[in-house]
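Notes follow once the structure below has been shown.
Just so it is clear, the model here is predicted, and its values are computed rather than measured.
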Amino acid sequence: MSVCRLARSPLATLRTTQSARPAARDFLFNRHFSQTSDIAKHPQPPETFPSRVILSGIQPTGIPHLGNYLGALSNWVKLQRSAAPGDELLFSIVGWHALTLPQDPAALLAARNDMLAVLLAIGIDPDRSIVFHQDHNPHHTELCWILSCITPMGKLRRMTTWKSRLAAARNSGSEDEVDESLLNAGLFMYPVLQAADVLIYKATHVPVGEDQQQHMELTRDLADIFNRTFKGTSPVFPLPNYVNTPSKRILSLKDPTAKMSKSSPDVQSRILLTDTAPQIQSKVRAAVTDSIHGITYDPEGRPGTSNLLTILAACTDSDVTQVAKTYETHGHGILKRDVAEAVEEFLKGPRATFDRIRREKAYLDEVARRGVARAIVHSERTMVEVRTRLGLA
């Protein structure tokens, strides 16, 4: 019994911590909603040059799954919490990037609004950070065209991410199975748009996943090419730093050799932010594990079991090896029970806040309007410099 109590202890601690979080989110929501009428009267563009400009973006793919939340999204909240007072943070929903693959217009519109609601629900504060829709600011595409005119085709051909995007979109088991005839110019060129997203705000630090590191190298190359080609008293663009933020790699519940993904045809393979407690329990109970006695953390030999331990550790903010030791004499039934309970405790606060905010369209529209207004303050300054260097102003 003592071992069981130890296993539940992190969950009890999580309940105490999580119980305070919804109240904090409620406070943010109520404060912003009550102030929407004053936003237009009192815009608050930044007045001082920040010590760092931190920028990251996310595609509007609708409701995020647990892997998204424990990956990029939770890191954004941590960055916001740890940023110095002089740091500027920009988080964008990159609608133009979504168009590189076929989209249903009505579904895309809903997904854009849902993603904004998600960011607010998990704790992104639109007073502290600039939160906006990339496609609301035309400076991105203007700079993208300018950068495309100095981008060597050879560099674009070396980009490989488009293959993984096509493979994921078609549920292909390997990038080698991707038909290059399906590649459109937008998908081929989207690393240049990504570079424009970064350089338009003169970002100095960009937290992205390892799969985007190649694109960050291209961004630095294009900034350097522009600075050397169109010289002035000082360079227009800083060379942004790639920030490798630690994140938990959450795998599919049904195929623990693959990442958790919304493109998988099996809905039981992923846990969504909007899943109810019974849905979470059902999905975790049906998760693929193995028949080996006892619980150990062995990602290579026991990927399914290790994935559940990773999820439990992430949701309770614990070390995965210590979690594994706590459960080493138990079976998968107890582990799955506690994983389901931990995930529910972890998600229920953001889920409730998201469910409320997503229905407040006026509030979301005002947050988006205010965010892009603040973003344009930065990007217009950059474009004035760029146009001047080019002879367009």
Side-chain angles (χ1 to χ4, degrees), residues 58-74 93 98 101-119 121-122 164-175 177-178 209 211 247-290 302-312 314-315 332-333 335-359:
I58 189 167
Q59 289 207 36
T61 54
I63 309 301
H65 57 65
L66 186 63
N68 300 139
Y69 191 0
L70 293 173
L73 296 179
S74 63
I93 300 163
L101 294 175
Q103 300 287 339
D104 173 78
L108 179 59
L109 178 61
R112 290 168 72 257
N113 289 331
D114 280 348
M115 186 55 72
L116 178 56
V118 165
L119 297 184
I122 66 172
S164 61
R165 292 202 65 202
L166 278 180
R170 296 183 170 271
N171 296 310
S172 175
S174 170
E175 292 180 14
E177 300 174 9
V178 171
D211 60 332
S247 62
K248 304 292 187 291
R249 189 171 187 266
I250 307 302
L251 304 176
S252 165
L253 297 178
K254 304 302 286 185
D255 177 13
T257 64
K259 288 176 65 176
M260 187 174 286
S261 171
K262 278 186 289 187
S263 63
S264 170
D266 190 346
V267 296
Q268 293 293 106
S269 68
R270 55 190 173 271
I271 296 173
L272 301 179
L273 175 66
T274 51
D275 280 349
T276 63
Q279 288 174 320
I280 292 171
Q281 291 170 2
S282 174
K283 291 179 178 182
V284 173
R285 192 181 302 120
V288 171
T289 51
D290 54 52
R302 307 185 69 183
T305 301
S306 299
N307 189 40
L308 293 180
L309 289 169
T310 298
I311 292 172
L312 181 56
C315 290
H332 287 102
L335 175 62
K336 288 182 176 182
R337 178 200 66 192
D338 287 356
V339 168
E341 186 178 346
V343 171
E344 167 60 15
E345 287 292 327
F346 184 71
L347 293 181
K348 70 179 184 180
R351 182 177 63 218
T353 307
F354 167 74
D355 186 57
R356 183 173 67 257
I357 292 178
R358 74 187 303 196
R359 289 178 276 176

Please check if the side chain of His65 supplies one atom and the backbone of Met260 the other of a donor-acceptor pair under 3.5 Å. yes
Validation row: Ile122, Ser74 side chains within 4.5 angstrom (heavy atoms): no
A side-chain contact here means heavy atoms from C-beta on lying under 4.5 Å apart; do Asp355 and Thr274 qualify? no
Results of side-chain contact (heavy atoms from CB on, under 4.5 Å) for Thr61 - residues two or more places apart only: Gln59, Met115, Lys262
Stepwise, does the side-chain contact (heavy atoms from CB on, under 4.5 Å) test hold for Val118 with Ile357? CA-CA 9 Å; Val118 165; Ile357 292 178; over 6 Å; no
How long is the straight-line distance from CG of Leu273 back to CZ of Phe346, given to the nearest 0.5 Å? 9.5 Å
In this structure, CG of Leu308 is separated from CZ of Arg302 (nearest 0.5 Å) by 10.5 Å
Considering non-hydrogen atoms only, spot the tightest contact between Ala111 and Gly62 and give its length. CB-N, 3.6 Å
Can you tell me how far the CG atom of Leu251 sits from the OG1 atom of Thr310, to the nearest 0.5 Å? 7.5 Å
Would you say the side-chain atoms of Glu344 pair up with the backbone N or O of Ile280, donor to acceptor, closer than 3.5 Å? no
For residues Ser269 and Ser252, report the shortest heavy-atom separation together with the two atoms involved. CB-OG, 3.3 Å
Judged by atom type as modelled, is there a donor-acceptor pair below 3.5 Å linking the side chain of Ser282 to the main-chain atoms of Pro278? no
Under 3.5 Å, is there a donor-acceptor pair between the side chain of Glu345 and the main chain of Ala342? no
Is any side-chain heavy atom of Leu253 less than 4.5 Å from a side-chain heavy atom of Val288? no
Qualifying residues under side-chain hydrogen bond (donor to acceptor under 3.5 Å, both in side chains), relative to Arg270, sequence neighbours excluded: none
Quick one: pull up CZ in Arg359 and CZ in Phe354 and give me the separation to the nearest 0.5 Å. 10.0 Å
Hey, does Lys336 have a side-chain heavy atom less than 4.5 Å from the side chain of Thr289? yes
Side-chain (Ser264) to main-chain (Ser261) donor-acceptor, under 3.5 angstrom: no
With no hydrogens and no angle check, do the side chains of Asp255 and Thr257 hold a donor and an acceptor under 3.5 Å apart? yes
So do Ile250 and Tyr69 actually touch side chain to side chain, heavy atoms under 4.5 Å? no
How long is the straight-line distance from CD1 of Ile58 back to CG of Leu119, given to the nearest 0.5 Å? 6.5 Å
Are the side chains of Leu272 and Asp275 in touch, meaning some heavy atoms are under 4.5 Å apart? yes
Got Ile271 and Val284 here, is their nearest side-chain heavy-atom distance under 4.5 Å? yes
side-chain hydrogen bond (donor to acceptor under 3.5 Å, both in side chains) partners of Arg358, counting only residues at least two apart: Asp114
Is any side-chain heavy atom of Leu66 closer than 4.5 Å to one of Leu347? yes
Taking the side chain from Lys254 and the backbone from Asp266, do they hold a donor-acceptor pair closer than 3.5 Å? no
Verify the distance criterion only: is there a donor paired with an acceptor across the side chains of Thr305 and Asp290 at less than 3.5 Å? yes
